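Here the structure is laid out as structure tokens; the discussion comes afterwards.
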Amino acid sequence: MAWSGRAESRCTFTDDLAGFEAEPEQEWDCPHGALEDRERCPFHCRSEAIPDDVDVSEAFLDAIAGDPTASREDRKRAKQFIGATFDVLDLSNAVVDAADNHPVDLRGATINRLDCTDSEFGQRLDLRGTTVTGTATFDGTYHEIDARHATIAEAVFTGVTADRVDIRDAQLDTATFERAVLSEIDARDATIGTTTFDRASVTDAGFDRVTIDEGSFQHATLEMADFDEATFGTGDFYHATFDEADFRWADFGTARFYGATFSGGYFNETSYDEAVFERVEAERLYLPDVTLTDATFADAVVSMKLVVHDSVFVGTDFAGADIERLDATDAAVVGAEFADTTVADLQLDGATLASPQFEDSDIDRLRAPDVTCLGTVGLHDCAVGTVDLQPTAVGPDGVAFVSLTETTVEDGVFGQPNAGATVYDLKRTTLGTLRFEGDGTESVLDRVAFYRTRFAGFDFRDDDALDLEGANYCLHELDSALRDGLRAALAYPAALDDAVGALADGTDPAADEPATVVDLAAERARAGALDTDASTTFERLSAAMDGQIDAAAGEVTYLRAKNGANDIADNTAASEFFMSQLAYRRRCHSRRVRDSGASLRERARALARWGMNVFLFVTTGYGERASYTLAASAVLIAAYAGLYLAIAPDLFASVSQYGQLSLGSFIAFFLGGVGEVSDPTVSLLAQSEAFLGAFFVALYVFALTRSVSR
């Protein structure tokens, strides 16, 4: 070589160390020898001034090897290249593992290309304040890479193994850490254009206040990760694995955590344009004070708790999620969808429920006291263990609609607000030992739509708020004053979808904030048309508000109510429901008689059944009213007396004697025969009355015995 770091002449380059962290204000002078006929060493010369026979990279390695006989201070200074300038610094396949622990010091250097492919550095590589205008490749094994405040166009750490990488306050256009194995990385306050940590393994990661335009951490393993106040254009954590991950106050354009795994994930007060938490697996996941629009938690599994209190969820998808405890206290759940979801404990205290939809879901405990219900709260084909739903405010127009179609509710309470009304639709619902509560001033029965409802332990006697007796045991009627409010509530979900869509695509300036979506939906719901399902439901509820119900549905509804009352030995209710059941059966027969499409035989059979039904009602009240038999008997006795009088007006001197004849004939079965009557026609009629009298006595005994047994 034409240069030796131990040349007699010294490099004249000096620098001020005050610009570097933790350094006192002092002048640093280069310890390396100058090139022959030059004033500076090859590290501080302009590239065109370096002789052709000088390999700067070899000179660099020779310089940091140093003189083992030199003093500790001289060995330290031999590794200092502060403010150096390199066109290409090729350290590939180099092994730098001196006996001392002094860092390889490239602070403030300017390098066009740095190549450390397959290199090994046993000491700290100090790149603080360094500028790499091209590519810096660190593919090897390192104790520590310190690149604080560095500016690097392209940093390649693919497959690197390092105890520590420090890029605090650095600016990197691109940074690739694919398959890197790092004990620690500190990227606090760094600015990175595009970074890739795919399949990297990091024990301790600090990304507080980092700014990343495009970040990919797919299949990465980050045991302890801090992203507090980080800013992401896109953060892609596809199938990443975290032990404890802290993203508090982070700002995401797009956040993708598809399939990510957390022991604990903390996303307090984060913000998103788009968020994907689909298929995440976590023990604890915290997203309080967060606003999410069109986000997804589909198929997420949270084994301990998902905390989202005080958050806003607009159009969020929880389909297939399995969550032990979902704490949504004081949250706004706006148009969220829970399909095939399993939640052991769903806590909605003080929440705003704007038409959330639960379908085919299992909820062990649903706690929703002091909630605001807007539009239609749907629980369809769900299984609910214990429920406590106590609305305090409802809307729009003072009415909320809770649809429980095909849902099973084992126990709990459904309440009413102090102002307005919550209508509970129990179409094919199975009710356990729950109660309907009101404000105590009036029955809530006209706010509950029983329709083909099943009763599994439900006790009408245990709830004075329903007041069945005051409603004459009528289950199917609704308050007609609810009509306009119910229509708006049924139109609300579709209007809310439109409003959320307007928010997402920015087409409606009125929807520029999530808080205004509910107001916009309410305005559209008042004038909006009902979709097919909502229209069908409104027609059914309108019939209930008119005091009507389809005959077949009425028969099934009261049949199931009777069976439920029998199961808990509520005989009075069972009797009333049985009468209503058969009354609606009579209407079914009547409808078949009038059905022009039925065959003559079918219509005749329906007519016979209708006649028998009418007879049983008139004579015994379907076996529930012995008084009906007495009344029918009295009418029969009077009718026969009139018939005797018409046939044989001269048989007796007074009308009362005809009455006596009729009464005597009616009870002749017990007296041993009918008295002799001279007129043979009257005698024949008397015999027929005696037969009917015995039949009516049997009916009376049957009805009386049934009533007493109840």
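Just so you know, these numbers come straight off a predicted model, no measurement behind them.
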Between S271 and D251, does any side-chain donor sit less than 3.5 Å from a side-chain acceptor? yes
Checking side-chain polar atoms at under 3.5 Å, does S216 have a donor or acceptor matched by the opposite partner on D198? yes
Return the orientation label for the H219 and H239 ring planes: parallel under 30°, perpendicular over 60°, tilted otherwise. parallel
Plane angle bin for F217 and F232 - parallel if under 30°, tilted between 30 and 60°, otherwise perpendicular: perpendicular
Tell me whether [X] is salt-bridged to [Y], with the criterion being a basic N under 4.0 Å from an acidic carboxylate O.
| X | Y | result |
| --- | --- | --- |
| E154 | R113 | no |
| R148 | D169 | no |
| D345 | R367 | yes |

Non-hydrogen side-chain atoms of Y258 and T296 separated by less than 4.5 Å: no
Answer yes or no: is there a donor N or O on one side and an acceptor on the other, between the side chain of [X] and the main chain of [Y], under 3.5 Å?
| X | Y | value |
| --- | --- | --- |
| D186 | R188 | yes |
| S311 | L287 | yes |
| S403 | T376 | no |
| T254 | T234 | no |

Could you tell me if the ring centre of H143 sits under 6.0 Å from that of F121? no
Sub-6.0 Å ring centroid separation between F267 and F277: yes
Give me the one residue out of F207, F157, F138 that meets ring pair (Phe, Tyr, Trp, His ring centres under 6.0 Å) with F177. F157
Residue of the set F237, F257, Y266 for which ring pair (Phe, Tyr, Trp, His ring centres under 6.0 Å) holds with F227: F237
Tell me, yes or no, whether the heavy-atom count around N418 atom CG, taken from other residues, nucleotides or ligands under 6.0 Å, exceeds 12. no
Does a sphere of radius 6.0 Å around CZ in R365 hold more than 12 heavy atoms from other residues, nucleotides or ligands, not counting ones at 6.0 Å or beyond? yes
Worked verdict on D327 versus K305 for salt bridge (Lys or Arg N to Asp or Glu O under 4.0 Å): CA-CA 7 Å; D327 182 358; K305 56 185 175 181; over 6 Å; no
